[in-house]
Amino acid sequence: MLATEKAGARPGLHASALLAEADRLMTVCNSCRYCEGLCAVFPAMEMRRAFPDGDLNYLANLCHSCGACYVDCQFSPPHEFDVNVPRVLAQVRNESYAAYAWPRALAPMFARNGLAIAVIAALCVAAFVLGFAAWHDRSVLFGARTGPGAFYKLMPHNAMAGLFGIAFLYAIIALWMGVRAFWRDGGNEVGVAPGGWWRAMRDAASLRYLDGGGIGCYNHDERPNDRRKFYHHLTFYGFALCFASTCVATVYHYLLAREAPYPWWDLPVVLGTLGGIGLLFGPLGLMIAKLRRDRVMVDEPRLGMDFAFIVMLFLTSLTGLLLLLLRSSLLMPLLLALHLGVVFALFITLPYGKFVHGLYRFAALVRYAKEHRAFTAKG
Ligand code: SF4
Ligand code: SF4
């Protein structure tokens, strides 16, 4: 049966059949309310009587896909109500990435071929860097180089910074436009009290709602555990440490006139190595968890988009750590070019892939903190 044909679905009110199905489920859940202690989605739902598209996208991004409400639900399939909140909210969430993407026309292309585009972009940039080096001084490709400035024999620092600065700036603008559209679609006025920001930051940093109400996340069987939370943490904090490493290296270069590569004990390398280890094992664990997850709870047609982002994070870390280990060898030019290519591809695909879920989820947590405060104050 199509989602729009199910009893209670109101297709005319929504931009897609999926949003109509999410409206139907939220209406059923709002009558039942059995799951209200599991996460923030149900209390946020209970504050509403109607579910316009902006609110459904908000609820979908508030969901952490722990699976508890599917396992606990007395109306899940084969019951005729066919209530499958984790899967439908995952589908709406994935649809919302394209709906708010900027420019919107690029979103379907990345949704269908995200991994292929990222790999091709990475290889093209790596080939460009190697070609650039060969054009200027072919000998840099065939000799081992060490010491400060060794990386910039391949491509001068300013050219490298210019290339990546443009990609990074583009990613920041596109991400900002997407988050702004997501925030405004919920009819949000700008003001959020400092307490709301603090609560949202705490909930995001601890992945508070990825615990099935306290017992853990459901994956491939009915025994919940905290593995997905652990791998998410490894990935998030690994990414943050790698970003911190890049920031420290930028300060070293411009303010202290110290050029990469740095010795293994220096701060950018220590931060980058710890972050790289997190970004290696976090995405690997997430990939395995995703492959093993009960298919009934996942948005299977869009699994490729999820994998594209995780694979790019994994490759960023792998090429970075290999570069660190082999930077004194003849392989340095090839590994540096590959690492730069992967990082460039990661930047340009960030606004159209799974990365945005972190930003939209944080925006949803901020909105929830704001709503919860207003609701509690009203009594
Ligand atoms: S998921 Fe099922 S049990 Fe939970 S609130 Fe909705 S209808 Fe009730
Ligand atoms: S899957 Fe988990 S986070 Fe999502 S609505 Fe259900 S209980 Fe809440």
Side-chain angles (χ1 to χ4, degrees), residues 3 6-9 18-49 51 55-97 200 203-233 286 289-290 293-300 302 306 354 357-358 360-365 367-369 371-372:
K6 291 178 187 171
L18 262 179
L19 287 161
E21 171 66 353
D23 182 351
R24 183 186 75 86
L25 292 194
M26 289 299 100
T27 306
V28 173
C29 291
N30 221 358
S31 312
C32 166
R33 301 194 171 187
Y34 179 75
C35 298
E36 63 185 0
L38 292 180
C39 67
V41 172
F42 295 95
M45 171 200 80
E46 289 173 16
M47 293 177 210
R48 314 178 137 70
R49 295 291 170 271
F51 301 98
D55 284 10
L56 289 167
N57 285 328
Y58 154 59
L59 294 174
N61 281 283
L62 205 50
C63 168
H64 286 50
S65 216
C66 73
C69 61
Y70 179 78
V71 176
D72 288 0
C73 184
Q74 59 272 41
F75 304 121
S76 57
H79 191 282
E80 61 179 324
F81 285 5
D82 192 22
V83 174
N84 186 340
V85 175
R87 186 172 66 193
V88 172
L89 292 191
Q91 290 169 327
V92 171
R93 202 162 50 240
N94 286 335
E95 212 176 61
S96 75
Y97 306 155
D203 291 349
S206 62
L207 283 176
R208 178 174 171 184
Y209 299 114
L210 192 56
D211 70 351
I215 54 169
C217 179
Y218 289 90
N219 297 303
H220 54 283
D221 57 26
E222 297 204 346
R223 281 170 300 169
N225 61 58
D226 280 327
R227 270 181 232 140
R228 274 183 69 222
K229 193 178 204 174
F230 175 68
Y231 293 131
H232 266 95
H233 277 318
L286 287 176
K290 218 167 260 304
R293 196 147 204 237
D294 188 343
R295 284 292 174 266
V296 82
M297 289 189 282
V298 300
D299 179 11
E300 205 152 5
R302 292 190 186 84
D306 288 12
K354 193 66 197 268
H357 93 291
Y360 291 3
R361 184 159 288 160
F362 179 68
L365 286 169
R367 182 175 171 187
Y368 177 67
E371 284 184 355
H372 187 264

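Whatever order the structure lists ligands and atoms in, that order sets their numbers, starting from 1.
- The distance from ligand 1 to the heavy atoms of C73 drops below 4.0 Å at these ligand atoms: 1 (S), 2 (Fe), 3 (S), 7 (S).
- Ring geometry, Y209 versus Y368: the interplanar angle exceeds 60°, so the pair is classed perpendicular (tilted spans 30 to 60°).
- Of the candidates M26, E95, M45, L56 forms a side-chain contact (heavy atoms from CB on, under 4.5 Å) with just one, namely M26.
- Of all protein N/O/S atoms, those lying under 2.8 Å from atom 6 (Fe) of ligand 2 come to 1.
- Contacts of D211 classified as side chain to side chain donor-acceptor pair (under 3.5 Å), with partners at least two apart in sequence or in another chain: none.
- With a 6.0 Å radius and a threshold of 12 heavy atoms from other residues, nucleotides or ligands, F362 has its CZ atom above the threshold.
- In this structure, atom 6 (Fe) of ligand 1 lies nearest to the protein heavy atom C29 SG, 2.4 Å.
- For R87 against D299, the heavy-atom pair with the smallest separation is CG-N, 4.5 Å.
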For a quick test of your reading: what N or O donor-acceptor pairs under 3.5 Å do the side chains of residues 62-70 make, sequence neighbours left out?
{"residue": "H64", "atom": "ND1", "partner": "L62", "partner atom": "O", "Å": "2.9"}
{"residue": "S65", "atom": "OG", "partner": "R293", "partner atom": "NH1", "Å": "3.4"}

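- Partners of E300 by salt bridge (charged side-chain N to carboxylate O under 4.0 Å, His left out), not counting sequence neighbours, listed by chain and number: R295.
- At least one N/O/S atom of C32, whether from backbone or side chain, sits less than 2.8 Å from atom 8 (Fe) of ligand 1.
- Comparing heavy-atom distances from atom 3 (S) of ligand 1 across E46, Q74, H79, M26 singles out Q74 as nearest.
- Salt-bridge check for E371 with R48: passed, with a basic side-chain N closer than 4.0 Å to an acidic carboxylate O.
- Of the heavy atoms in F75, only side-chain atoms (C-beta onward) come closer than 4.0 Å to ligand 1.
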